[in-house]
S.K.: 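Sending over a structure as structure tokens; questions will come in a sec.
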Amino acid sequence: MRAMICLGFESSCDETGVALYCSERGLLAHALYSQIALHAEYGGVVPELASRDHVRKLAPLTKEVFAEAGIEWGEVDGIACTTGPGLLGALLVGTAFARSLALAWDKPFVGVHHMEGHLLAPLMEVEQPSYPFLALLVSGGHTLLVKVAAIGDYELISESIDDAVGEAFDKTAKLLGLPYPGGPALAALAESGDPERFYFKRPMTKIDHGEMPVNFSFSGLKTQVLQAVQKLTAVGEQDKADVARAFEDAAVDTLVIKCAHMMARENIYQLVVAGGVGANKKLRQQLKELAAARGGAVYFPRYELCTDNGAMIAFAGCQRLLAGESDDLTISGRPRWPLTDLEKPGVRGD
Ligand code: KG4
Ligand code: ZN
């Protein structure tokens, strides 16, 4: 089969990402613009501002990736764009841009599920898992543990019944007065925290009659943090670091305990970790140790491809386009879109 070059776009939240992926040569170029500075003063993503900023950035980033890859638009075989889940306005900006290019250049277009992009991102690396594997998807909007039998064949094992783990990081960080986005700032502060000072319970990890609750819950953890902070008469820098440390330990431990239990239950010791929280160093280290102790292995995307980016969308889109899949050019987005609605590449092809 001839190599396929896919141009991919990501604009579902606060990052504009564009990339060119080649099925033979790998990632040719990727460009990313983060809106962090834009949203920082509001303490979170402002959807309207996000949409407007994607409008400004998509065209220049697209020019950038073609220049970096040293190819012409005529060499592109297909176009992919995140069409959900995410902020509707932001999704519509990306899909309008991507579908317009597909129309103008007469190329096939395929809509990509944002979490499938994250899930497949580790498959761009040299070290590859074999099927079936478990995937821990941890971002600002999702906490999912999924059994992957093949691309597009996803069985949901666990999900959060309330806050996503990234959301818990962000809310705890906000409570401690840290800048948005909270996850990386909280992790950095935790490094100077005392691990013995506070202890937060690991939610939904208790084993009862050999069974552990299947799902995650992170809103209680946030409440435990709030109560600990309220008990302090004055909150100094060291107090904040100590709370951050206890929170990070509890959040990471919870994910690791659940992964260990589900690995044993499913008898699958290969684990893929993706999504923004997958950039957390402590989580990466503990999951590596867990998998190694059980004779398995854990696979991560490189750090820069853990958080939102266009490369993962170009890659996932490439797999689907190669299977002959394509979507029509109606400009639409799906803010809510269960990952398990997806099918194997080619099944919905026309
Ligand atoms: O995947 P992502 O970039 O966007 C979504 O699709 O949500 O994930 C962003 C989330 C945020 O909640 C952010 O605080 C968290 O990932 N995050 C981290 C770290 N880096 C990013 N959480 C903990 N530790 C980190 N190092
Ligand atoms: Zn994401």
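Because only heavy atoms are used, hydrogens play no part in the values below, and waters and symmetry mates are left out as well, while side chains stay in. Remember, it's 1-based here, ligands and their atoms both numbered in the order they're listed.
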S.K.: For residues V273 and F216: do they belong to one hydrophobic cluster (side chain heavy atoms under 4.5 Å, members Ile, Leu, Val, Met, Phe, Trp, Tyr)?
M.R.: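 Linked, V273 and F216 end up in one cluster.
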S.K.: Okay, side chain of R197, backbone of P195: is any donor-acceptor separation there less than 3.5 Å?
M.R.: no
S.K.: I'd like to know whether ligand 1 has H114 as a neighbour, heavy-atom separation below 4.0 Å.
M.R.: yes
S.K.: Answer yes or no: is there a donor N or O on one side and an acceptor on the other, between the side chain of E75 and the main chain of E72, under 3.5 Å?
M.R.: yes
S.K.: Please answer whether the main-chain N or O of K201 pairs with a side-chain N or O of Q224 as donor and acceptor at a distance below 3.5 Å.
M.R.: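 It does hold such a pair.
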S.K.: Does the pair K222/D162 count as a salt bridge with the N-to-O cut at 4.0 Å?
M.R.: no
S.K.: Output yes when D249 and R245 qualify as a salt bridge under the 4.0 Å nitrogen-oxygen rule, no when they do not.
M.R.: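 Looking at R245 together with D249, the answer is yes, because their closest N to O distance falls below 4.0 Å.
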S.K.: Against heavy atoms of D170, which atoms of ligand 1 measure under 4.0 Å?
M.R.: 11 (C), 12 (O), 13 (C), 14 (O)
S.K.: So, does C13 sit close enough to ligand 1 that a heavy atom of it is under 4.0 Å from the ligand?
M.R.: no
S.K.: Quick one: report the N, O or S atom of D308 that is nearest to the Zn ion (ligand 2).
M.R.: OD1
S.K.: Between F169 and F247, is the ring centre distance below 6.0 Å?
M.R.: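 That pair passes the under 6.0 Å test.
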S.K.: Taking 2.8 Å as the cut-off, does an N/O/S atom of H114 lie below it from the Zn ion (ligand 2)?
M.R.: yes
S.K.: Starting from atom 15 (C) of ligand 1, what is the nearest protein heavy atom, named by residue and atom, and what distance separates them?
M.R.: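 Scanning the protein heavy atoms, the shortest distance from atom 15 (C) of ligand 1 goes to V277 CG2, 3.9 Å.
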S.K.: Could you identify the N, O or S atom of H118 positioned closest to the Zn ion (ligand 2)?
M.R.: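 Of the nitrogen, oxygen and sulfur atoms in H118, the Zn ion (ligand 2) lies nearest to NE2.
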S.K.: Backbone, side chain, both or neither: what part of K281 comes under 4.0 angstrom of ligand 1, heavy atoms only?
M.R.: neither
S.K.: Tell me which part of N280 gets within contact of ligand 1: side chain, backbone, both or neither, using heavy atoms under 4.0 Å.
M.R.: both
S.K.: May I ask whether M115 has any heavy atom positioned less than 4.0 angstrom from an atom of ligand 1?
M.R.: no
S.K.: Can you sort out which atoms of ligand 1 are near G276, meaning under 4.0 Å from one of its heavy atoms?
M.R.: 1 (O), 2 (P), 8 (O), 16 (O), 17 (N), 18 (C), 19 (C), 20 (N), 21 (C)
S.K.: Charged N to carboxylate O below 4.0 Å: is that the case for R320 and E116?
M.R.: yes
